Engineer: 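Pasting a structure here, questions to come.
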Amino acid sequence: MGVGLAAGIGLMRVSLIDTTIVIDIVPGDRTINAMTALAWYHSTQQPNKDRPTVFNYVSYNDNRVRLIDFIKKNRRYAILAEESSQCRMWPPSIYFVSNTFLYRILFLVLHLTPAIMFSLVERWYNRKPQIMKFYRKIKFFNKTIEHFATNEWHFTNNNTRAMVNEMSKADRKRFDASLDFRWESMFVHLYRATVLYFLNERFTKEYHQKKFIYKERLNFCISWIIYVSAAYWFLTLLANLINTLV
């Protein structure tokens, strides 16, 4: 969620994550239901003193979703939203890479270089530099989650399945702990919930229409300048290489 939040407000531009893996996430409300049901289930079972029983609440075995699908669907609903958050500093655009060397290059270009420029502006206005501190935290965060974000993790959930099967129909309806649901039902609310509960603010349609449009246009122009410059540099390098060989 931290990666999505930082990317959503436009500050995180690259992250060290393998998008081909299956991400093992579960909705928070169903997790709470499972914990509540577990208290009842534990009281009805004979405890095993020699071997503790482990209840893994995971989606990998019953309702898996790949990280690339998770990203695409959340980005789609964020784009379709007419409102915007006032915390958005720039249009969201992020690259996910699994190669450490490529990540370091992109971090230098997309994070460190803009951070230095904004830090100079902050010092010009006699303000305390904050942007460099933020990007140091991003670098530390990516380094911390690298092993977990580039590998799949498998856990069995047979005990959790047995608990759900023991529940009556009324209890299943009241404390729904099963993973039989459509991910779309979560994605459609995740963007708004992030702004409301993580950023603690309300959506403002007026902000999106009047104050954020120019940033989107500026971001479009800057992106095309970078693409054209990179293409020109590549073609020039290729032409010099051909001339050298000929």
Side-chain angles (χ1 to χ4, degrees), residues 2-19 67-68 71-143 149 191 194-195 199 204-245:
V3 175
L5 181 59
I9 62 178
L11 287 179
M12 180 177 283
R13 318 295 289 185
V14 60
S15 182
L16 187 60
I17 292 177
D18 185 2
T19 57
L67 181 57
I68 186 62
I71 295 171
K72 287 181 178 179
K73 291 179 180 179
N74 278 287
R75 183 179 296 175
R76 172 173 171 265
Y77 286 111
I79 293 174
L80 290 177
E82 295 182 356
E83 303 90 349
S84 179
S85 167
Q86 294 186 8
C87 290
R88 286 179 64 182
M89 301 181 63
W90 201 254
S93 177
I94 184 170
Y95 298 95
F96 295 98
V97 295
S98 57
N99 184 277
T100 306
F101 179 73
L102 180 59
Y103 166 75
R104 290 176 179 175
I105 295 177
L106 292 177
F107 185 90
L108 175 65
V109 176
L110 300 177
H111 282 173
L112 186 59
T113 303
I116 293 175
M117 297 175 60
F118 279 106
S119 295
L120 293 176
V121 174
E122 289 175 333
R123 290 188 178 276
W124 176 266
Y125 287 99
N126 295 322
R127 295 180 179 178
K128 186 178 180 180
Q130 296 290 338
I131 194 70
M132 287 295 295
K133 183 179 180 181
F134 177 80
Y135 281 118
R136 288 194 198 100
K137 291 182 178 180
I138 288 182
K139 186 177 181 181
F140 176 77
F141 175 76
N142 277 289
K143 185 178 180 181
Y191 174 71
T194 302
V195 174
L199 300 180
T204 51
K205 189 173 183 178
E206 181 182 358
Y207 177 82
H208 175 78
Q209 292 178 340
K210 295 183 178 180
K211 298 184 179 180
F212 205 76
I213 293 297
Y214 80 94
K215 290 186 179 181
E216 294 180 346
R217 294 174 180 174
L218 181 61
N219 181 68
F220 177 80
C221 295
I222 293 176
S223 299
W224 271 104
I225 291 174
I226 295 175
Y227 294 151
V228 172
S229 302
Y232 175 79
W233 176 82
F234 176 76
L235 293 175
T236 302
L237 183 64
L238 183 62
N240 294 334
L241 181 61
I242 294 175
N243 292 333
T244 304
L245 295 177

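Keep in mind that what you see is a predicted model, and the values were worked out from it rather than measured.
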Engineer: Only counting residues at least two apart or in another chain, list the ones meeting side-chain hydrogen bond (donor to acceptor under 3.5 Å, both in side chains) with Thr100.
Structural biologist: Glu146
Engineer: Any chance you could measure Leu16, atom CG, to Phe141, atom CZ, to the nearest 0.5 Å?
Structural biologist: 11.0 Å
Engineer: Ignoring hydrogens, what is the shortest heavy-atom contact between Ile116 and Met132? Give both atom names and the distance.
Structural biologist: N-SD, 4.1 Å
Engineer: Within a reach of under 6.0 Å around CZ of Phe134, are more than 12 heavy atoms found that belong to other residues, nucleotides or ligands?
Structural biologist: yes
Engineer: A quick test of your reading: do over 12 heavy atoms of other residues, nucleotides or ligands sit less than 6.0 Å from NZ of Lys73?
Structural biologist: yes
Engineer: One pair to check against side chain to side chain contact (heavy atoms under 4.5 Å, CB included): Thr19 and Ile71. What are the steps and the verdict?
Structural biologist: CA-CA 8 Å; Thr19 57; Ile71 295 171; 3.9 Å; yes
Engineer: Indicate the atoms forming the closest heavy-atom contact of Ile131 with Ser119, along with that distance.
Structural biologist: CG2-OG, 3.2 Å
Engineer: Quick one: OH on Tyr232 to CG on Leu237, what's the gap to the nearest 0.5 Å?
Structural biologist: 12.0 Å
Engineer: To the nearest 0.5 Å, tell me how far Phe118 CZ sits from Thr113 OG1.
Structural biologist: 12.0 Å
Engineer: Distance check, rounded to the nearest 0.5 Å: Leu235 atom CG versus Ile242 atom CD1?
Structural biologist: 9.5 Å
Engineer: For residues 102-112, please give each side-chain donor-acceptor pair under 3.5 Å, one per line with the distance, not counting sequence neighbours.
Structural biologist:
unit_1: Tyr103; atom_1: OH; unit_2: Asn142; atom_2: ND2; d: 3.3
unit_1: His111; atom_1: NE2; unit_2: Arg13; atom_2: N; d: 2.8

Engineer: Please enumerate all residues that pass side-chain contact (heavy atoms from CB on, under 4.5 Å) together with Phe140, with sequence neighbours excluded.
Structural biologist: Thr144
Engineer: How close do Val14 and Val97 get, heavy atom to heavy atom, and via which atoms?
Structural biologist: CG2-CG2, 4.2 Å
Engineer: Can you tell me how far apart OG (Ser98) and CD1 (Ile17) are? Round to the nearest 0.5 Å.
Structural biologist: 10.5 Å
